[in-house]
K.L.:
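Would you mind keeping the following structure in view while I ask a few things?
Fair warning: this is a prediction, and the values are worked out from it, not measured in the lab. In the text below, chain A, chain B and the rest are named by the order of the sequence lines, each starting its count at 1.
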Protein chains: 2
Amino acid sequence: MAFYTFTEDTLRNFTISTFLKMGCSSEHAKLAADVLIKSDLRGIDSHGVARLSGYVRLWEKKRINPKPNIRIVHETPTTATVDGDAGLGLVVAPFAMKVAIEKAEKFGSGWVSVKNSNHFGIAGYHTMLALEKDMIGFAMTNASPLVAPTFANERMLGTNPMCYAFPAGKFPPVIIDMATSSAANGKLEIAQRSGKPVPDGWIQDKNGNPSTDPHELKKGGSLLPLGSDRDHGSHKGFGLSATVDILSAVLSGANYGPWVPPFVAFLEPSDNPVGEGIGHFLGAMRVDGFRPVDEFKSHLDNWIERFKSATPISPDQGVVIPGEPELLAEKERKISGIPIIDAVYDDLNEMAAKLGVKGLQSKV
Amino acid sequence: MAFYTFTEDTLRNFTISTFLKMGCSSEHAKLAADVLIKSDLRGIDSHGVARLSGYVRLWEKKRINPKPNIRIVHETPTTATVDGDAGLGLVVAPFAMKVAIEKAEKFGSGWVSVKNSNHFGIAGYHTMLALEKDMIGFAMTNASPLVAPTFANERMLGTNPMCYAFPAGKFPPVIIDMATSSAANGKLEIAQRSGKPVPDGWIQDKNGNPSTDPHELKKGGSLLPLGSDRDHGSHKGFGLSATVDILSAVLSGANYGPWVPPFVAFLEPSDNPVGEGIGHFLGAMRVDGFRPVDEFKSHLDNWIERFKSATPISPDQGVVIPGEPELLAEKERKISGIPIIDAVYDDLNEMAAKLGVKGLQSKV
């Protein structure tokens with residue numbers, strides 16, 4: 001597997017050009033690119049430009065509306081439902097988060113459930129918008145069904161991530177951004193490419209038997225909820241995933257469970273949808289709605305310091321504060337660039353040639 | 001292990017008498033008893049009357065204030081911090097939930113962080129208060145440190161439960177009430193009594209080695225976060241537990257992490273606390289803040305129906321909807337009574353004799 005490395009700017013401009021070619025407004029193209037590039041910078045390669053051709057294919061199938069009329073369709077002072085008008089989740093979710101933040105500014109908190117959207121990139125991007133305002137950020141989304149509930153062998157839920165972001169003082173913010181499955185789909189894709197077996201407890205085959213074959217998912221198998229099996233709490237992973245599904249979709253009027261439209265364009269959405277598009281749930285709470293911001297931040301700093309000093313099992317690996325690895329990646333990649341694996345590089349340039357966008361030039 | 005079975009009323013009256021003897025008001029004694037009895041009814045034996053003598057011992061140590069002045073110390077229209085005045089969490093949490101519900105009635109949502117409290121019983125009790133108003137309920141609490149973060153062998157976090165409750169239509173509500181550790185402490189206690197080994201992935205010994213010996217916790221070992229190990233996502237369980245700790249305590253001004261005062265009275269709280277008591281976080285959101293209640297409920301019914309019909313791995317065990325087993329237990333125990341194991345029976349009667357409360361009479 002070869003890598004090509006690009007500067008942030010090169011990838012950003014390429015991504016903006018692609019979204020413009022889809023017919024997005026300049027504002028939307030820049031915002032959507034920002035979400036994807038942030039993911040690459042933070043080392044979450046599965047959710048960055050690697051997904052760009054996927055969005056394009058959905059647009060080609062007319063499943064993404066490049067000029068959406070994103071709007072509030074129902075609200076109270078602190079709650080709202082947003083209709084994403086089949087737009088890119090990459091622009092719908094920041095719109096909804098802005099609504100949540102504005103409500104929080106006025107009333108202390110704001111909560112927005114979103115329907116009729118598409119894949120929103122990394123949840124962390126959206127929660128970080130709240131951090132800038134000294135708010136706590138919340139984001140979750142449902143996704144294409146890949147995960148079987150405990151005791152079932154049918155794919156009923158997405159990897160349905162939840163994200164919580166807390167502003168700290170002298171330390172970087174604590175950002176918990178996690179799939180509610182035992183392993184994220186991106187990790188499985190890496191194993192598929194390398195042909196190596198995955199740990200027990202990540203997947204089951206189509207009959208519900210444990211498996212370590214990363215290709216099992218393509219043969220009708222499923223990912224497993226966080227906890228892996230009943231003895232280890234997979235009913236909790238299922239419960240968390242259900243929470244994401246209900247808050248994101250049953251509450252907004254989006255599709256839920258097995259009805260969630262697939263991200264891959266070669267699979268058709270259900271003929272009998274139970275809602276519109278996919279769903280998200282975003283929220284913001286003012287820290288100073290509970291205690292003065294400087295008090296909260298200095299205690300969160302103390303929390304971070306204490307957890308980092310917890311006795312390590314091995315002297316060479318201490319406790320990792322959630323959000324820390326992503327921040328380290330971002331600092332490093334800002335300087336040394338973003339590595340793109342050859343398969344993604346080829347895919348992007350094939351897409352670019354088809355669209356008439358100037359391709360990426362490998363410098364290696 | 002023998003069982004004695006009591007009617008709900010017998011246990012309720014015994015529990016009320018005990019709280020009255022502690023000096024609680026009649027209103028508080030009834031409410032606190034209701035929380036404990038609800039737990040026993042719902043089959044969560046570890047959080048019901050089995051804990052009553054624990055509360056009494058904390059009161060004897062003057063760590064529980066039987067006549068607390070529970071009050072709001074900071075607020076915005078939709079957020080508040082409540083000082084529990086060292087009262088029973090069993091009455092502090094319902095107070096805070098009532099505040100959240102009143103705020104939600106006016107503004108769509110309400111969120112309350114609580115400091116200076118004690119163990120609040122089952123989280124589900126508090127979220128269910130929101131269901132009665134067609135609201136979605138949220139509850140979490142931090143707890144005595146028993147769980148080691150990923151890569152550490154030091155107990156830094158409680159089993160820190162999170163609970164989400166959603167009102168359905170023709171079906172019972174969906175109630176996700178879960179410890180963020182791979183196994184709840186109650187399950188470990190059962191294994192300790194039976195002397196049987198526990199599954200791999202529940203605990204580690206004091207050096208951080210995997211163990212299946214349920215007594216390891218008493219020798220300096222720790223419970224593990226949901227996910228059990230890094231490969232299976234224990235960093236996610238750690239992240240969820242951290243979220244509970246931060247929302248419950250860093251936000252309110254309670255103790256967090258290893259500073260959380262122990263529930264057992266024979267262990268002293270820290271000499272250098274970072275806050276007051278333990279912390280909770282409670283919330284309520286009006287369903288009709290997002291869409292009409294009947295629409296939400298009929299879609300949640302559809303969600304439940306679809307998940308229950310997911311293809312089972314084994315024909316004799318289908319998908320379990322969160323909250324369903326507890327409701328079945330409640331229906332059954334309302335009729336046939338609540339079983340109490342002999343060790344708890346002896347403990348309760350020993351406590352009663354000491355306090356001068358009329359003991360439980362075994363009828364077996």
K.L.:
Check for a donor-acceptor pair, side chain of B:Lys236 on one end and backbone N or O of A:Ala179 on the other, with a separation under 3.5 Å.
P.N.:
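Such a contact is found between B:Lys236 side chain and A:Ala179 backbone.
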
K.L.:
Any non-hydrogen side-chain atom of B:Val319 less than 4.5 Å from a side-chain atom of A:Thr150?
P.N.:
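Result no, sub-4.5 Å side-chain heavy-atom pair not found.
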
K.L.:
Please identify, among A:Gln204, A:Arg306, A:Lys103, the residue contributing the most non-hydrogen atom pairs under 4.5 Å to chain B.
P.N.:
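Sorted descending by pairs with chain B, the first entry is A:Arg306.
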
K.L.:
With a 4.5 angstrom heavy-atom cut-off, is it the side chain or the backbone of B:Ile176 that approaches chain A, or both, or neither?
P.N.:
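Answer is side chain: those atoms of B:Ile176 sit under 4.5 Å from chain A.
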
K.L.:
Pick one of side chain, backbone, both or neither for A:Tyr256, based on which atoms fall under 4.5 Å of a heavy atom in chain B.
P.N.:
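Only the side chain of A:Tyr256 comes within 4.5 Å of chain B.
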
K.L.:
Have a look at B:Thr311 and tell me which of A:Lys206, A:Glu154, A:Arg155 forms a side chain to side chain donor-acceptor pair (under 3.5 Å) with it.
P.N.:
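Answer after filtering A:Lys206, A:Glu154, A:Arg155: A:Glu154.
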
K.L.:
So which of A:Gly233, A:Ser113, A:Gly239, A:Ala249 has the largest heavy-atom pair count under 4.5 angstrom toward chain B?
P.N.:
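Of A:Gly233, A:Ser113, A:Gly239, A:Ala249, A:Gly239 has the most heavy-atom pairs under 4.5 Å with chain B.
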
K.L.:
Out of A:Gly318, A:Pro312, A:Ser234, A:Gly275, return the one with the most heavy atom pairs under 4.5 angstrom to chain B.
P.N.:
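With the most close heavy-atom pairs to chain B, the winner is A:Pro312.
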
K.L.:
Using non-hydrogen atoms and a 4.5 Å limit, figure out which bit of A:Glu295 sits close to chain B: side chain, backbone, both or neither.
P.N.:
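No part of it gets close to chain B.
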
K.L.:
What part of B:Glu75 is in contact with chain A, defined as an atom under 4.5 angstrom from a non-hydrogen atom: side chain, backbone, both or neither?
P.N.:
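Contact with chain A is through the backbone of B:Glu75 alone.
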
K.L.:
Under a 4.5 Å cut-off applied to non-hydrogen side-chain atoms, are B:Ile313 and A:Phe151 in contact?
P.N.:
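Not touching, per the 4.5 Å side-chain cut-off.
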
K.L.:
Quick one: pull up CZ in A:Phe290 and CG in B:Leu247 and give me the separation to the nearest 0.5 Å.
P.N.:
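One gets 8.0 Å once the value is rounded to the nearest 0.5 Å.
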
K.L.:
Flag the pair B:His235 / A:Met178 as yes when at least one side-chain heavy-atom distance between them is below 4.5 Å, and no otherwise.
P.N.:
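No. Closest side-chain heavy atoms not under 4.5 Å.
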
K.L.:
Just how far is it from atom CG of B:Leu251 to atom CZ of A:Arg291, taken to the nearest 0.5 Å?
P.N.:
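One gets 8.0 Å once the value is rounded to the nearest 0.5 Å.
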
K.L.:
Do you know the tightest heavy-atom contact between A:His232 and B:Pro199?
P.N.:
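So the two residues come closest at NE2-CB, 4.1 Å.
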
K.L.:
Under 4.5 Å heavy-atom distance to chain A, tell me which part of B:Lys187 shows up: side chain, backbone, both or neither.
P.N.:
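When you check distances to chain A, only side chain atoms of B:Lys187 fall under 4.5 Å.
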
K.L.:
What part of A:Asp231 gets closer than 4.5 Å to chain B, counting heavy atoms only: side chain, backbone, both or neither?
P.N.:
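Contact with chain B: backbone and side chain both.
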
K.L.:
Using a 4.5 angstrom heavy-atom cutoff, name the option from B:Ala152, B:Gly108, B:Pro149 with the most pairs to chain A.
P.N.:
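Of the candidates given, the most pairs with chain A belong to B:Ala152.
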
K.L.:
Please state whether the side chain, the backbone, both or neither of A:Ala148 comes within less than 4.5 Å of a heavy atom of chain B.
P.N.:
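Neither part, no heavy atoms under 4.5 Å.
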
K.L.:
Rounded to the nearest 0.5 Å, how far apart are CD1 of A:Ile246 and CD1 of B:Ile304?
P.N.:
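It comes to 7.5 Å.
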
K.L.:
Taking heavy atoms only and a threshold strictly under 4.5 Å, list by residue number the residues of residues 281-288 of chain A that touch chain B; give 'none' if the list is empty.
P.N.:
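Result: A:Phe281, A:Met285, A:Arg286, A:Val287, A:Asp288.
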
K.L.:
What distance do B:Glu105 atom CD and A:Thr76 atom OG1 have between them, rounded to the nearest 0.5 Å?
P.N.:
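That separation rounds to 12.5 Å.
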
K.L.:
Looking at B:Gly253, B:Pro322, B:Gly110, which has the largest count of heavy-atom pairs under 4.5 Å with chain A?
P.N.:
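Ranked by contacts with chain A, first place is B:Gly253.
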
K.L.:
Mind ranking A:Asn207, A:Ile321, A:Asn302 by heavy-atom pairs under 4.5 Å with chain B and telling me who comes out on top?
P.N.:
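Looking at each of A:Asn207, A:Ile321, A:Asn302 in turn, A:Asn302 comes out on top.
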
K.L.:
Under 4.5 Å from any heavy atom of chain A, what part of B:Phe166 do you find: side chain, backbone, both or neither?
P.N.:
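For B:Phe166, the contact with chain A is made by the side chain alone.
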
K.L.:
What residues form a ring-ring contact (aromatic ring centres under 6.0 Å, His included) with A:Tyr164, not counting sequence neighbours?
P.N.:
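Here the qualifying residues are A:Phe138.
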
K.L.:
Are the side chains of A:Met162 and B:Leu240 in contact, using a 4.5 Å heavy-atom criterion?
P.N.:
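They are in contact (side-chain heavy atoms under 4.5 Å apart), so the answer is yes.
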
K.L.:
Do you know which of B:Ser314, B:Ser228, B:Pro258 has the most heavy-atom pairs under 4.5 Å to chain A?
P.N.:
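Highest number of pairs under 4.5 Å: B:Pro258.
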
K.L.:
Among B:Ala310, B:Ala184, B:Gly323, which residue forms the greatest number of heavy-atom pairs with chain A at distances under 4.5 Å?
P.N.:
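That would be B:Ala310.
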
K.L.:
What part of A:Ala80 is in contact with chain B, defined as an atom under 4.5 angstrom from a non-hydrogen atom: side chain, backbone, both or neither?
P.N.:
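Only the backbone of A:Ala80 comes within 4.5 Å of chain B.
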
K.L.:
Where does B:Ser309 contact chain A at under 4.5 Å (heavy atoms): side chain, backbone, both or neither?
P.N.:
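Contact with chain A is through the backbone of B:Ser309 alone.
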
K.L.:
My understanding is that only residues two or more places apart in sequence, or in another chain, count here; which of them pass side chain to side chain donor-acceptor pair (under 3.5 Å) with B:Ser182?
P.N.:
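Partners of B:Ser182 by the side chain to side chain donor-acceptor pair (under 3.5 Å) criterion come out as none, since no residue qualifies.
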
K.L.:
Given a strict heavy-atom distance threshold of 4.5 Å, which part of A:Ala104 is in contact with chain B: side chain, backbone, both, or neither?
P.N.:
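No part of A:Ala104 comes within 4.5 Å of chain B.
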
K.L.:
Is chain A contacted by the side chain of B:Val320, its backbone, both, or neither, given a heavy-atom distance below 4.5 Å?
P.N.:
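Both backbone and side chain.
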
K.L.:
So which part of A:Phe307 gets closer than 4.5 Å to some heavy atom of chain B, the side chain, the backbone, both or neither?
P.N.:
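Both the backbone and the side chain of A:Phe307 come within 4.5 Å of chain B.
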
K.L.:
With ring centroids as reference points, do A:Trp111 and B:Trp111 lie under 6.0 angstrom apart?
P.N.:
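Yes.
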
K.L.:
Among B:Val198, B:Ile175, B:Asp200, B:Leu224, which residue has the highest count of heavy-atom pairs closer than 4.5 Å to chain A?
P.N.:
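Top option by heavy-atom pairs under 4.5 Å: B:Asp200.
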
K.L.:
Which residues pass the ring-ring contact (aromatic ring centres under 6.0 Å, His included) test with A:Phe107, not counting sequence neighbours?
P.N.:
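For A:Phe107, the residues satisfying ring-ring contact (aromatic ring centres under 6.0 Å, His included) (neighbours in sequence not counted) are B:Phe107.
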
K.L.:
Report which part of B:Leu157 has an atom under 4.5 Å of a heavy atom belonging to chain A: side chain, backbone, both, or neither.
P.N.:
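Just its side chain gets close to chain A.
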
K.L.:
With no hydrogens and no angle check, do the side chains of B:Thr78 and A:Ser109 hold a donor and an acceptor under 3.5 Å apart?
P.N.:
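The answer is yes; a qualifying pair exists.
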
